[in-house]
Amino acid sequence: MSDRTELIGEIRRFNRFYTRTTGLLEETLTASPYTLTEARVLFELGHRTSRAAPQFAGEQEFAASATVLSAGPAASEIAEELRLDPAYLTRILRKFEAAGLIDVRADPADGRRRIIALTASGEAELGELQAAANKDVARLIQSLPDEKLHELSHALQKTAELLGGPAREKPQLILRPHRAGDVGWVVYRQAVLYAEEYGWDLTYEALVAEIGASFIRNFVPGKEFCWIAELDGVRAGAVFLVRKSEEEAQLRLLHVEREARGLGIGSKLVAQCMETARRVGYRKMVLWTNDVLADARRIYERAGFKLVSEERHHSFGKDLNGQFWELAL
């Protein structure tokens with residue numbers, strides 16, 4: 001059997017799994033009065049419609065009950081986008097118009113062209129449909145651990161791109177202060193990642209747990225910080241800045257999730273530490289790491305940290321070479 005034939009089988013198996021899991025074989029979508037095709041038409045109209053304020057006094061009354069258009073799709077555009085039979089789409093649009101969900105009127109720029117938009121009732125109906133669909137998908141991924149969300153997102157986007165879909169926009173990255181549950185997440189993720197990637201044993205988890213507990217218990221507002229990196233709303237990394245003395249701060253527990261690496265997140269977290277340390281009056285930053293953590297060491301070097309000493313030690317079940325780094329602020 002050829003690779004292409006095997007892939008065809010895999011795609012068809014996935015389609016059967018996905019349609020069964022998401023309920024796409026049911027008569028209506030998300031327990032709504034709409035079929036899957038009708039719901040897709042509503043989604044497309046909501047995505048394509050743009051609104052403008054009424055330009056003339058005579059439009060004020062019309063605007064109270066329907067969307068006023070500056071642009072909108074024609075039925076032929078919807079049919080082409082969704083690959084629908086035009087006659088079938090016409091029946092759907094007539095049903096929507098009779099229910100007061102859409103408005104069909106002449107294009108101000110071309111009177112021969114009829115454009116379609118959702119009315120206020122149509123937008124409300126679409127909002128309810130979207131909320132129900134979001135709940136269905138949320139249930140689908142509710143058992144997926146946070147660290148797997150990026151993996152799934154990347155796999156979905158890559159699949160779409162390989163099959164001719166548009167390239168994904170640059171993911172949105174934010175760095176935010178820690179909140180309840182974040183320190184525990186750092187302990188968990190670091191323990192798992194370092195066990196998987198370097199074979200470190202449970203004594204490393206104990207160390208990270210002690211650092212996290214001390215940070216929470218002895219937290220000094222305005223002088224100590226933890227930042228969580230979120231990528232498209234999902235935790236993707238973290239770093240701590242803790243007080244050693246009035247003039248010296250320590251960078252601790254930098255990490256970036258595997259699926260989020262290569263995007264400069266580690267460098268941004270370190271830069272955030274440096275900027276904040278200067279702002280709050282520290283004169284020096286220090287850190288301790290091990291030479292096997294090559295990616296982190298490169299980040300520190302690029303940021304201007306200098307290696308000041310090294311020591312061999314046996315920790316976390318491994319023989320390691322510890323390194324002390326400093327940065328004058």
Side-chain angles (χ1 to χ4, degrees), residues 145-148 175 178 181-220 223-229 235-245 247-262 264-274 276-277 282 284-329:
D146 284 355
E147 64 273 13
K148 293 294 184 181
L175 305 184
H178 72 288
D182 284 332
V183 174
W185 175 78
V186 171
V187 174
Y188 163 63
R189 290 307 303 149
Q190 289 228 353
V192 171
L193 285 172
Y194 283 69
E196 292 177 348
E197 297 181 356
Y198 300 101
W200 292 4
D201 64 21
L202 293 178
T203 58
Y204 179 70
E205 183 173 358
L207 173 65
V208 180
E210 289 164 2
I211 293 171
S214 177
F215 176 81
I216 294 172
R217 189 177 297 114
N218 305 310
F219 182 67
V220 182
K223 298 292 282 187
E224 296 189 312
F225 307 86
C226 168
W227 288 280
I228 302 296
R235 288 180 293 201
V239 73
F240 290 73
L241 185 69
V242 300
R243 178 183 179 274
K244 289 203 70 172
S245 69
E247 295 190 345
E248 188 173 309
Q250 183 174 4
L251 185 153
R252 308 202 78 171
L253 301 183
L254 172 69
H255 98 275
V256 176
E257 293 292 310
R258 274 193 294 263
E259 296 79 11
R261 293 172 189 169
I265 294 175
S267 295
K268 288 181 172 64
L269 286 167
V270 171
Q272 181 69 54
C273 287
M274 294 164 58
T276 303
Y282 289 118
K284 183 170 73 171
M285 282 179 60
V286 299
L287 64 88
W288 176 79
T289 188
N290 288 279
D291 65 357
V292 294
L293 308 180
D295 290 342
R297 287 192 298 106
R298 282 191 286 269
I299 291 173
Y300 303 142
E301 287 179 307
R302 288 195 298 266
F305 281 84
K306 304 298 182 185
L307 177 63
V308 294
S309 66
E310 297 181 272
E311 63 175 9
R312 306 295 301 182
H313 64 104
H314 185 85
S315 303
F316 324 131
K318 298 290 182 179
D319 290 322
L320 299 169
N321 184 40
Q323 297 181 330
F324 294 89
W325 296 70
E326 289 184 357
L327 173 70
L329 297 172

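The structure displayed is predicted, hence computed values, not measured ones. One-based numbering along the sequence shown.
- E224 contributes a side-chain N or O that, together with a main-chain N or O of V220, makes up a donor-acceptor pair within less than 3.5 Å.
- The one candidate from F240, Y194, W227, W185 that meets the ring-ring contact (aromatic ring centres under 6.0 Å, His included) condition with H255 is W185.
- The line from CG of L251 to CH2 of W288 is 13.5 Å long, rounded to the nearest 0.5 Å.
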Stepwise side chain to side chain contact (heavy atoms under 4.5 Å, CB included) check, F324 with V286: CA-CA 7 Å; F324 294 89; V286 299; over 6 Å; no
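- Here the shortest heavy-atom pairing between M274 and L329 reads O-CD2, 4.4 Å.
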Before you tell me yes or no, could you show the steps for H178 and F215 under side chain to side chain contact (heavy atoms under 4.5 Å, CB included), namely the whole-Å CA-CA distance, both residues' side-chain angles and the distance that decides it to 0.1 Å? CA-CA 11 Å; H178 72 288; F215 176 81; 3.7 Å; yes
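- Taking CD1 from I216 and CD1 from I211, the interatomic distance works out to 12.5 Å, rounded to the nearest 0.5 Å.
- When all heavy atoms of I265 and A229 are compared, the pair lying nearest together is CG2-CB, 3.6 Å.
- Counting only distance, with no hydrogens or angles, the side chain of Q190 and the backbone of L253 share a donor-acceptor pair below 3.5 Å.
- Residue R235 holds its CZ atom at 7.0 Å from CD1 of I228, rounded to the nearest 0.5 Å.
- Between A238 and V186, the closest heavy-atom pair is CB-CG2, 3.6 Å.
- Other residues, nucleotides and ligands place no more than 12 heavy atoms under 6.0 Å from the CZ atom of R217.
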What's the verdict on side chain to side chain contact (heavy atoms under 4.5 Å, CB included) for L207 and W200, showing C-alpha distance, side-chain angles and the deciding distance? CA-CA 12 Å; L207 173 65; W200 292 4; over 6 Å; no
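- At most 12 non-hydrogen atoms from other residues, nucleotides or ligands lie less than 6.0 angstrom from CG of L202.
- Summarising the geometry of G266 relative to L254, their closest heavy-atom pair is O-CD1, 4.1 Å, with the distance given to 0.1 Å.
- Distance CH2/W325 to CE/M285: 13.0 Å, rounded to 0.5 Å.
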Starting from the C-alpha separation in whole Å, work towards a yes-or-no answer on salt bridge (Lys or Arg N to Asp or Glu O under 4.0 Å) for R297 and E310. CA-CA 13 Å; R297 287 192 298 106; E310 297 181 272; over 6 Å; no
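- At least one donor-acceptor pair closer than 3.5 Å links the side chain of Y282 to the backbone N or O of K223.
- Expressed to the nearest 0.5 Å, how far OH of Y198 lies from OH of Y204 amounts to 10.0 Å.
- Between the N290 side chain and the V292 main chain, no donor and acceptor come within less than 3.5 Å of each other.
- Summarising the geometry of C273 relative to V239, their closest heavy-atom pair is SG-CG1, 3.5 Å, with the distance given to 0.1 Å.
- When the options E196, E259, E205, E257 are evaluated for a salt bridge (charged side-chain N to carboxylate O under 4.0 Å, His left out) with R189, the one that passes is E257.
- A salt bridge is absent between K244 and E326: the closest approach of a Lys/Arg side-chain nitrogen to an acidic carboxylate oxygen does not fall below 4.0 angstrom.
- Nearest heavy-atom pair, G322 versus H313, reported as atom, atom and distance to 0.1 Å: N-CD2, 3.5 Å.
- For the pair E248 and K284, the salt-bridge criterion is met [side-chain N within less than 4.0 Å of a carboxylate O].
- For the atom pair CG of D291 and CZ of R312, the computed distance is 6.5 Å after rounding to the nearest 0.5 Å.
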